[in-house]
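Some notes on the structure that comes next.
Numbered from 1 within each chain, the chains take letters A, B, ... in sequence-line order. Values reported hereafter were calculated over all heavy atoms of this structure, with side chains retained and with hydrogens, waters and symmetry mates removed. These numbers come from a predicted model, not from an experiment.
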Amino acid sequence: MSAAVTMTSCLVVPLLSGALCVAAGRRPTAQRAVGVLGAIGLLAAGIWLAARVASDELLVMHVGGWRAPFGVALVADRLSAIMVVLTGLIGLLGAAFAIPGARASRPRTPFYALLHLMLAGCCGLFMSGDLFNFYVWFELVLVSSFGLMVLGNRRAQIEATTKYLALNTVGSMMLLSGIGLLYALLGTLNLADLARRIDAAPPGLVTALGALLLVALGIKGALFPLFFWLPASYHTPPPAISAIFGGLLTKVGVYGLLRLFTLLFINDPAYTHATLLVLGSCTMLVGALAAIGQQDVRRLLSFLVISEVGYILVGAGLLSSAGLSAAIFFTIHVIVTTTALFFISGLLRRITGSERLERMGGIVEHRPRLALLFLLPALSLAGFPPFSGFVAKLGVVQAGLAARHYVVVAAALLAALLTIYAVGRVWTLAFWRPGGDALSERLARHRVPFLLAAPAVVLAALTLLIGALAGPLSDYTLRAAERLLDRGAYVRTVLAGAAR
Amino acid sequence: METLIAVTVGSLIAVGLFLLLRRNAIFLLAGLVILSHGVNLLVFASGGLRRDATPIVPEGRAAADTADPLPQALVLTAIVIGLGVQTFVLTLIYRLIAAMRSADLRAARVSEGDQVR
């Protein structure tokens, strides 16, 4: 019973907060209070879930008391718990980062309501044990993110939302067709029941459906040939929103891939997982290469987000406990680091008045503490020790070497080098290079309010902490990975007491 | 019957994709609507098609004689979600055309700051 309370609280808290934010209407103070308190509640619920999962391994809730193959099941394992905790964390920091902005501009914008709906969608998706239910949460995430992206109504945002919406809607339609065809093939949509029956199905059809779902989730996850919507859109909304998107949203697609390509589509790894490896390698390289040429800071970061997704995909493609563990560790690292960098790009825009590298400079001289704050997550993303990025990339490389995929390892190392160059370019141009007189004057006038810097400080501290606690954390992700690979236990636990 | 539905689904998806690939904002909207009809029909047909069968199992009869109610429930959900998304797209396209003063999607370059400005 208590499992049900833990899991529903991760959904009810953000849904209720969203509803209260709508009810708060035009009272911005009430909206902000509900928005932040609700996110704190979600983070607490996520930590509670993680604590429960640490002892009980797999939590199952049969919604409405309908047993597994017939009703909708919510299932939480270690991976789900990690993702829910990160959703709560990013939601909280994004809500906090948006406070000063929400005060200055339009108080009626439904930012907090949409944010909480999106967080609820993410949490539901991470805990879903049913494929159609997964699709419904996926749509909730998509629709609320459309609303968030267009908040502010500038022309660039409207254009960006159109591109984002068109490609992601096509992706969600592919997801829906894949789900419909899986039902036609196997007559069930419960993930555990699907996993039980999928081995008996014609392997060619199963692999084809796997490829369809790979493309569908790959669009959302911004994989190599499917990522074009991301750098065309993520740099247009207000910084708080693009930070939340950059950290969390692509990982929704990646989570779906991690789940489906360990639970369902594993009968033909020579095709499906080799495809994941190839796409992952290309994603790493193309993202990092494209990042090098960017002048807009947030566009540059968008390409780095894509590049980092490649590492997770490679870890998933290795289909070993070491590879999956590295993928999960990398997901934690990359959510923390990229969100921090997006927050800092918001601070840069605030004090320099521009987002373009050629119009920045002299920040080390005038704002040394901000420069230090940038350096921590930037070095982490570039993969230097002792930060989380070093351990994360080391994990992927080690897992690749163990599986003798030397080309993939070479691609990962090359992409890491290119990432160092891309991040180093931001450092040189925006921070180290002396700025002009006009810029120096502007920097002297504009300060960074504590509340705006705090979320980035928290995340920068966290990336150091993850690096320091890499041992215990990788034990945890290794057990999460072993859990993912143990399909039998998943099926048994979810379908316990089911007929047949 | 299945063949007819399969051909219809294929045609709807093909027409939808063709319209999506045009450079016109109105075609984009129409493409998304038609594509979603195609996918909804696919989901509806995924449980198998049966004439004159209700989704209720009569007492003492085998379930094989009845229609599958699940795809019908799924497609209702999908239609409602699709309706919501399409309403949003409609307003978004309206705002887009108003902002660009043109329905030509090649004019949507302001967000690509590197090329224009």
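- With sequence neighbours left out, A:N133 forms a side chain to side chain donor-acceptor pair (under 3.5 Å) with A:S128, A:W137.
- Heavy atoms of A:L142 lying under 4.5 Å from chain B are absent altogether.
- Between the side chain of A:W229 and the backbone N or O of A:K220, no donor-acceptor pair lies under 3.5 Å.
- The closest donor-acceptor contact from the side chain of A:S307 to the backbone of A:F303 lies at 3.5 Å or more, if one exists at all.
- A distance-only check finds a donor-acceptor pair linking the side chain of A:R425 to the backbone of A:I292 [under 3.5 Å].
- The greatest number of non-hydrogen atom pairs below 4.5 Å with chain B, out of A:T161, A:L181, A:V170, A:I158, is found for A:I158.
- Only the side chain of B:L42 comes within contact range of chain A, with heavy atoms under 4.5 Å apart.
- With respect to chain B, the highest number of heavy-atom pairs below 4.5 Å among A:T169, A:I179, A:N153 belongs to A:N153.
- Here A:S177 is the residue among A:A160, A:S177, A:S172, A:G147 with the most heavy-atom pairs under 4.5 Å with chain B.
- Note on B:I13, B:V43, B:L74, B:V85: by heavy-atom pairs under 4.5 Å with chain A, the leading option is B:L74.
- Checking side-chain atoms of A:Q294 against main-chain N and O of A:A290 turns up a donor-acceptor pair under 3.5 Å.
- For A:Y135 and A:F132, the gap between ring centers is short of 6.0 Å.
- When the candidates B:L96, B:L17, B:V75 are compared by the number of heavy-atom contacts under 4.5 Å with chain A, B:L96 comes out ahead.
- Applying the side chain to side chain donor-acceptor pair (under 3.5 Å) definition to pairs two or more places apart or across chains, those involving residues 32-47 of chain B are B:S36-B:Q86.
- A donor-acceptor pair under 3.5 Å is formed between the side chain of A:D296 and the backbone N or O of A:R299.
- Side chain of A:E358 to main chain of A:Q295: no donor-acceptor pair is present (N/O by atom type, distance under 3.5 Å, no hydrogens or angles).
- Sorted by first then second residue, the salt bridge (charged side-chain N to carboxylate O under 4.0 Å, His left out) pairs that include residues 142-165 of chain A, not counting sequence neighbours, are A:R155-A:E159, A:K163-B:E112.
- In this structure, chain B has a heavy atom under 4.5 Å from the side chain of A:T236, while its backbone stays farther away.
- Within residues 23-32 of chain B, the residues having any heavy atom under 4.5 Å from a heavy atom of chain A are, by residue number, B:L28, B:L32.
- For B:Q72 (side chain) and B:F44 (main-chain N/O), no donor-acceptor pair under 3.5 Å exists by modelled atom type.
- Both the backbone and the side chain of A:L176 come within contact range of chain B, each with at least one heavy atom under 4.5 Å from a heavy atom of that chain.
- The candidate from A:L165, A:V143, A:L140 with the greatest count of non-hydrogen atom pairs under 4.5 Å with chain B is A:L165.
- For chain A, the nearby part of B:I81 is the side chain; its heavy atoms alone come within less than 4.5 Å.
- Using modelled atom types and a 3.5 Å distance limit, the side chains of A:R298 and A:S345 yield no donor-acceptor pair.
- Between chain A and the options B:A78, B:A99, B:G47, B:A98, the largest number of non-hydrogen pairs under 4.5 Å is found for B:A99.
- When heavy atoms are compared at a cutoff of 4.5 Å, B:L20 approaches chain A solely by way of its side chain, counted from C-beta outward.
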